[in-house]
Structure formats: C-alpha cells, structure tokens
Number of protein chains: 2
Amino acid sequence: MSQERLRGPFVTAADIAEHAGVSRSAVSRTFTPGASVSSAVRARVLEAAGQLGYRVNRLAQSLTNARSNIVGLVGTDFHQPFHAECLATLSATLLADGFQCMLLNAANAESDMGAIIERVLDYRVCAIVVMNGTPPSHIVKECLDNGVPVILVNKPMPGFAVDTVVTDHAGGGRAAADRLLAAGCRRLAVVSSGARTASLVGRLEAFRDRAAEAGVCVRVWEEGPTDYGAGREAALTMLADDAIDGAFCVTDLLALGFLDAARLDRGRRVPDDLSVIGFDDIPQAAWNAYQLTTFRQPVRLLTNQVMQVIRQRAENPATPHAVFTLPAGLVVRMTVRGLAAQEGKP
Amino acid sequence: MSQERLRGPFVTAADIAEHAGVSRSAVSRTFTPGASVSSAVRARVLEAAGQLGYRVNRLAQSLTNARSNIVGLVGTDFHQPFHAECLATLSATLLADGFQCMLLNAANAESDMGAIIERVLDYRVCAIVVMNGTPPSHIVKECLDNGVPVILVNKPMPGFAVDTVVTDHAGGGRAAADRLLAAGCRRLAVVSSGARTASLVGRLEAFRDRAAEAGVCVRVWEEGPTDYGAGREAALTMLADDAIDGAFCVTDLLALGFLDAARLDRGRRVPDDLSVIGFDDIPQAAWNAYQLTTFRQPVRLLTNQVMQVIRQRAENPATPHAVFTLPAGLVVRMTVRGLAAQEGKP
DNA sequence: ACCCCTTTTGCACGCGCGTGCAAATACCGA
DNA sequence: TCGGTATTTGCACGCGCGTGCAAAAGGGGT
C-alpha cells in the first residue's frame with residue numbers, strides 16, 4: 001500500500017484504474033453522477049479508491065467544465081458584528097448547498113477591492129457576491145464581460161447587469177421617524193458617518209423626509225467612520241447643548257457609542273430625556289447594558305435570496321436581472337420612550 | 001474585438017497567441033516570472049492581452065504545478081467578535097501575501113467539520129489553518145497523508161505532525177489570579193463554559209492552581225455555551241449569595257454578560273464590591289459601558305506566525321513541526337479594584 | 001566572412017479529468 | 001442457436017497551461 005504512493009503525493013484516477021484493473025474512464029464514470037457503469041466495476045473502483053485514498057481533483061474537473069463551483073465573497077470590515085454575521089450566514093449556506101467560498105477581504109477599504117476581485121476571476125468563479133463596499137465599476141464590467149455574475153448586497157448599481165439584494169433602508173428610516181415622532185420627540189437628530197454609502201444615505205434621507213412632512217427639522221451628523229467611537233463623538237458634540245430628544249443612528253454600532261456617551265458623559269436618561277433608535281440589530285444591541293430599540297436587517301432572508309439568485313443564474317445565465325428589496329422589521333426594546341418590550345404603555 | 005470572443009466566454013492563451021502572431025508558449029512565458037522572452041514579443045503579447053482581456057487560468061496553472069496557492073481557513077462561530085477578528089486579520093494578510101483563502105465555516109459545530117475539510121482537499125490547497133474548533137483526528141491524518149500541511153491555532157494536538165500556534169493561556173490564567181489576589185480578592189470564581197476546549201481549560205486550571213498556591217480556593221462555573229448569555233447566567237446564579245469578590249471570566253463575551261448581570265440584576269458595584277477580568281480583548285471590552293480589564297490575545301502575532309509557517313512549509317515541506325506559544329498581555333481598564341487605566345494606584 | 005556562444009522561439013508533451021464514439025459484451029425473445 | 005437491442009467498456013481527444021528540448025536567431029570576436 002505504501003509502495004503504490006510512489007507516483008506522487010496525490011493519488012490520481014489512473015492509479016486506481018490500474019489498481020482495480022479497469023480503464024481510467026471507468027473510474028471517472030464511477031464518480032460522475034448519472035454515468036453508465038456496471039455495479040461490479042463500480043464496486044471494485046470504490047474499493048480501490050477507499051484503499052488508496054483517492055479524491056477527484058476538482059481543479060482538473062473545473063478545467064473541463066470551464067467553470068468551478070467556487071463563489072467569491074467580497075467585502076470590507078469583516079470584524080464588524082453585522083458584516084461578520086452576514087459572512088458567517090452566507091458562507092454556511094453556500095457550503096451546505098455544495099459551493100465553496102473564496103474569501104476576498106478588501107481590508108484597505110475599496111482601494112484594493114478591484115485588484116482583489118480581479119485575482120479571483122483567475123479561478124473562474126461561478127459568481128461574485130459583494131457583501132459591502134463599492135467595487136469600481138470597470139471591475140464589475142470586467143466580471144460581467146467574462147461571464148461571471150455579480151450579486152450586490154445593499155449596494156444598488158443602476159445601469160449594470162447585476163443582481164441586487166437590498167434591505168428596505170428607506171422604509172426603515174421612515175418608520176424610525178414615525179416612532180420617534182409618536183414618542184413625542186420634536187428635536188430630532190440623525191447620526192450617520194462620512195462613508196455616505198447608499199444604505200446609510202438611504203436611511204438618513206428617508207428619516208429626514210418623513211420628519212419634514214411632520215414639520216420637524218432634523219440635525220444631521222455625518223462625520224468619521226461608521227463605528228462605536230464615531231457614535232460617541234456625535235453624542236459628545238451634539239448633546240453639548242440641550243436641544244435633542246430623539247436620535248436615529250443609522251447603525252447599531254453608532255447607536256451604542258451614542259448611548260454610552262449620552263448616558264455616561266452627558267448625563268442623559270434614556271429613554272426619559274432622550275430616545276434612540278439604531279439599525280442592523282447586531283447581537284450587542286440586545287445586551288442588557290443597552291437594550292437598544294432598532295431595525296433588524298433580515299440577514300437570513302438576504303442570504304436566502306442571494307443563494308436563490310446564484311442557483312438560478314447557474315442553470316440559466318440569461319435570467320433577467322432584478323433588485324430584491326427585503327423589509328427591515330422593528331425590534332422593540334428599551335430606548336424609545338413609551339415603547340417598551342414586554343410592557344404596557346405608560 | 002467582439003468577433004474574437006466567439007471561442008468561448010473566457011479568453012485563452014491560444015487566442016492571444018493568434019492575435020499577437022506568436023506561439024502559445026511565448027504567451028505562457030510572458031506571464032511566467034523569470035522566463036525567457038524578448039521584450040518585443042512580451043510587449044506585443046501584453047498589448048493583445050490587454051485588448052482581449054486575457055487572464056491566466058489559475059485552475060489550469062495549479063493543475064500543472066500539482067498544487068494551488070489556496071489556503072483553507074477552517075473554523076466555527078465566525079460571527080463571534082474574537083473569531084471574526086482572527087478571520088479578518090488572517091484573510092487580509094494571506095491575500096496581501098498572494099494567497100487565496102477558501103473559507104470553511106463548520107457552522108454546525110464540529111459535526112460537519114470533517115466533511116468540510118475533506119471537500120477542500122479536492123482543491124489541492126497548499127495548507128489548512130484550523131482557527132478554532134477541534135477537527136476529527138482521522139481527518140487531520142488524511143490531510144497529512146495527502147501532503148497538505150495542517151496548522152492549528154489555539155488547539156494543540158500532540159502526536160500529530162502539525163504546526164501549532166497558541167496563545168499562552170496558562171500564563172494569562174496565572175496572571176489573572178495574581179492580579180485579583182493583589183487587589184485583595186479572597187473569594188474567587190472562574191467562569192467558563194461547557195465547551196471545555198483546550199484554551200478555556202488551560203486558562204481555568206492555571207488560574208485555579210495559582211489561587212491554590214495562595215491558599216485561596218476557587219468556585220468554578222463550567223456550563224452552557226461560551227457567550228454573553230452564559231456569562232449572565234453565571235452571575236445570576238453565583239452572585240445570589242454574597243460570597244464572591246473576584247471573578248476571572250475565561251472569555252470577554254462571558255465577562256461582559258457577567259458584568260451586566262452583576263451590576264444591573266445583582267446590584268454589585270464594580271470594581272468596589274467585585275473585580276472582574278476577561279480574556280481576548282474584543283472591541284466591546286473597551287466600550288465605555290464596560291471598560292473591562294482583560295488579557296489581549298496577540299492576534300497580529302498569531303497571524304504573522306501562521307503566515308511564516310505557511311511560507312516556510314511551502315518552500316521546504318520537511319521543516320520540523322513546532323509549537324509556537326505567544327504571550328497574552330494584560331490590558332488594564334476599570335474592572336479591577338486598585339488597578340485602573342490612566343490613574344495612580346489609590 | 002566565419003565560427004562559437006548566448007538568447008529566443010516553437011514544437012510537443014503531460015498535468016488529471018470528462019466524454020463522444022465505436023467496439024465489445026450482456027440480455028432477451030423467437 | 002441465432003439475430004437484435006440495450007448496456008457497458010475502452011480509446012482517444014480536448015480542457016488551458018507550463019516546460020524540456022532542439023531549432024532558429026542574434027551577437028561578438030577574429
């Protein structure tokens with residue numbers, strides 16, 4: 001058994017063909033679903049394969065098929081809770097469905113995203129999913145030219161032949177305004193970041209529009225990164241004067257930083273003095289120190305929709321492209337006045 | 001230009017050889033570093049490649065080389081902050097070094113970890129990194145038999161020809177005990193989970209041993225998952241009676257849950273009544289609502305060490321296997337009595 | 001102009017696999 | 001026993017690429 005290994009580190013189909021006394025085609029057919037092999041031959045092949053530890057070389061396989069079943073997963077900031085959750089969910093689903101995930105972490109923001117996507121094209125991936133961040137449009141075009149479908153999550157790119165799966169940011173923003181207005185807040189603020197991505201802007205503008213309809217004007221914070229520290233910064237600055245009683249933070253991370261600074265540094269009582277609403281519903285929002293009322297991004301639904309698009313486009317590349325919009329549901333906790341989980345309204 | 005595309009969706013080396021009026025070998029050599037091509041031919045090839053959008057097919061390339069430059073990244077619970085950080089850091093580093101990452105998310109604990117690792121073997125990966133969780137030993141053996149190096153992070157597997165990169169859990173546990181004892185705590189507890197992984201047990205036992213040396217006995221909690229909720233559970237139960245003034249939570253997530261329940265549900269003042277130390281130094285530990293004193297896992301160092309092992313073993317597979325132990329440094333914040341960040345000791 | 005040495009080029013083969021095609025075998029009814 | 005059909009098997013080729021080998025081309029010294 002150890003003598004048979006001489007040919008190389010990996011066992012090849014020719015090896016077990018010889019070992020089983022059949023042709024190499026027979027081996028190939030044994031591992032090809034729906035191919036024609038007698039059960040006797042199949043049995044001998046399987047036994048030899050088991051003994052020698054044979055595994056089909058998917059590299060060579062993909063070479064013949066002109067396409068692998070690898071999906072490229074592109075994104076930034078995978079260490080952030082929301083992105084991490086998306087990644088974990090999507091990768092688990094893809095694996096369960098028989099795909100392989102190639103992870104493309106564009107760590108240095110979008111600067112190198114293009115180069116990284118180009119590299120994965122070399123592996124003839126069957127799809128590229130952009131989970132966050134904005135890929136350069138000429139790269140998207142290059143993917144499409146090469147026949148690789150591109151699926152964008154939360155980043156519409158009008159005019160490109162891509163599939164898009166987005167949360168209803170505008171709906172969430174509008175509902176957030178509704179809730180704060182209903183809680184009696186009249187001095188509103190919205191806290192966003194300098195990133196100005198489509199999702200953040202979408203939430204912000206819908207919030208502002210709805211407030212404007214109600215005749216309430218909104219103070220806007222749009223600086224720095226999209227993280228905890230920036231949320232604190234916003235609160236420290238905006239709450240220096242006393243003019244805000246309701247804040248919509250376009251991200252939970254911002255909201256948690258905002259909450260901490262509001263309570264600990266600026267002495268606000270939440271929700272009595274100040275109501276806060278976030279967006280995403282990351283795990284930390286549910287922690288007892290925060291109990292943040294927020295909108296949940298339907299990660300499971302987003303993931304399933306992405307999967308469906310991938311499968312659909314794999315079997316019929318000519319499927320028309322579409323934008324799928326999924327609803328963001330309110331998760332009621334303790335940071336909005338008069339709106340509390342598990343309690344009657346006061 | 002559109003007429004040249006007829007051959008198939010992907011442009012092949014033969015296409016641009018024809019287009020540039022040279023042999024296919026010349027094309028191949030143009031894209032092979034160190035090969036012999038005249039600058040005139042190289043220029044013509046590069047121009048044709050640019051026009052037609054040619055990219056070397058790495059699948060076919062790996063077929064010849066008998067090995068790809070894909071690294072398999074195996075793990076569970078990538079949505080947890082610490083694991084997410086490891087994944088983000090390692091994947092970014094690998095990409096920057098010219099490798100590709102194949103993500104293997106063993107979502108359903110270790111049950112399917114074996115099957116998932118086997119699948120990635122089919123892609124002739126050049127290494128497999130197990131970032132957390134325990135792979136079945138027969139699978140590890142199978143990888144090694146196929147000549148694929150296995151690198152384990154924080155999971156020693158004595159008796160296997162693998163490389164191991166671990167944080168000094170025991171050192172951290174011992175130092176944690178030192179700190180709590182120095183703070184005057186005499187009624188100690190250690191909070192762990194039912195997972196009983198090597199890292200958690202290592203921290204726990206070192207803590208208990210050091211306490212025993214000081215003649216202090218330790219109450220141990222070892223139930224449930226390794227998350228925020230379990231930390232709360234531990235505090236709710238253990239702090240029902242009044243007997244604890246110092247707790248070492250073997251994970252930050254546990255510590256944060258423990259802190260919330262201790263303060264909000266059990267009315268303890270931290271650090272006056274109760275000192276708490278965590279482990280990992282996840283971003284949330286630094287948040288103002290917590291300010292958790294904890295031990296930092298040297299993620300950067302772990303990552304660099306993993307990289308070094310991969311490179312080393314790629315160029316010389318016969319390198320002897322080793323265990324690399326990296327130190328865990330204390331991060332002083334506000335949850336240990338008499339030990340505070342940015343302040344003189346009282 | 002000639003020879004020798006260096007560099008470049010093309011040919012041909014193999015990497016491991018899937019598959020069309022024709023030969024070979026098995027099966028069945030008369 | 002035989003003819004006819006259904007099934008199985010092996011051969012040979014191609015997928016896209018890297019590379020050893022020999023032929024061709026270039027360069028320099030006499």
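Labels below follow one simple rule: chain letters A, B, ... track the order of the sequence lines, proteins then strands, and each chain is numbered from 1.
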So what does A:F31 hit on the nucleic acid, given a heavy-atom distance under 4.0 Å: a base, only sugar-phosphate, or nothing?
-> nothing
Considering only NZ, NE, NH1 and NH2 on the basic side and carboxylate oxygens on the acidic side, decide whether A:R55 and B:E118 come within less than 4.0 Å.
-> yes
NA contact type, B:V56, heavy-atom cut-off 4.0 Å: base, sugar-phosphate, or nothing?
-> sugar-phosphate
Touch class at under 4.0 angstrom, heavy-atom based, for B:S28 against every strand present = base
When all nucleic acid strands are considered with a 4.0 Å heavy-atom cut-off, which category describes A:T32: base, sugar-phosphate, or nothing?
-> sugar-phosphate
Base, sugar-phosphate, or nothing for B:V27, non-hydrogen atoms under 4.0 angstrom?
-> nothing
Classify the nucleic acid contact of B:S38 as base, sugar-phosphate or nothing, counting any heavy atom under 4.0 Å across all strands shown.
-> sugar-phosphate
Does the side chain of A:S36 get closer than 4.0 angstrom to OP1 or OP2 of D:dT8 through an N or O atom?
-> yes
Could you pick out which residue, B:A60 or A:R24, lies toward the 5' side of DNA chain C when each is mapped onto its nearest nucleotide?
-> B:A60
side-chain contact (heavy atoms from CB on, under 4.5 Å) with B:T167: which of B:V153, B:N154, B:V299?
-> B:N154
Where do B:Q100 and A:V120 come nearest, in terms of heavy atoms and distance?
-> NE2-N, 4.4 Å
Which is the 5'-most and which the 3'-most nucleotide of DNA chain C that has an atom under 4.0 Å from a heavy atom of chain A?
-> C:dG16 to C:dG20
Please step through side-chain contact (heavy atoms from CB on, under 4.5 Å) for the pair B:N57 and A:L63, ending with a clear verdict.
-> CA-CA 9 Å; B:N57 186 336; A:L63 187 55; 4.1 Å; yes
Under 3.5 Å, which donor-acceptor pairs do the side chains of residues 305-313 of chain B form with other protein atoms, sequence neighbours left out?
| from | atom 1 | to | atom 2 | distance (Å) |
| --- | --- | --- | --- | --- |
| B:R311 | NH1 | B:D97 | OD2 | 2.5 |
| B:Q312 | NE2 | B:T319 | OG1 | 3.3 |
| B:R313 | NE | B:D163 | OD2 | 2.6 |
| B:R313 | NH1 | B:P317 | O | 3.1 |
| B:R313 | NH1 | B:T319 | O | 3.0 |
| B:R313 | NH2 | B:D163 | OD1 | 3.1 |
| B:R313 | NH2 | B:D163 | OD2 | 3.1 |
| B:R313 | NH2 | B:T319 | O | 3.0 |
| B:R313 | NH2 | B:H321 | ND1 | 3.4 |

If you pin B:L63 and B:A40 to their nearest nucleotides in DNA chain C, which one's is more 5'?
-> B:A40
Gap separating the OG1 atom of B:T197 from the NZ atom of B:K155, nearest 0.5 angstrom | 3.5 Å
Closest-nucleotide ordering on DNA chain D, the 5'-leading residue of B:N57 and B:R29 = B:N57
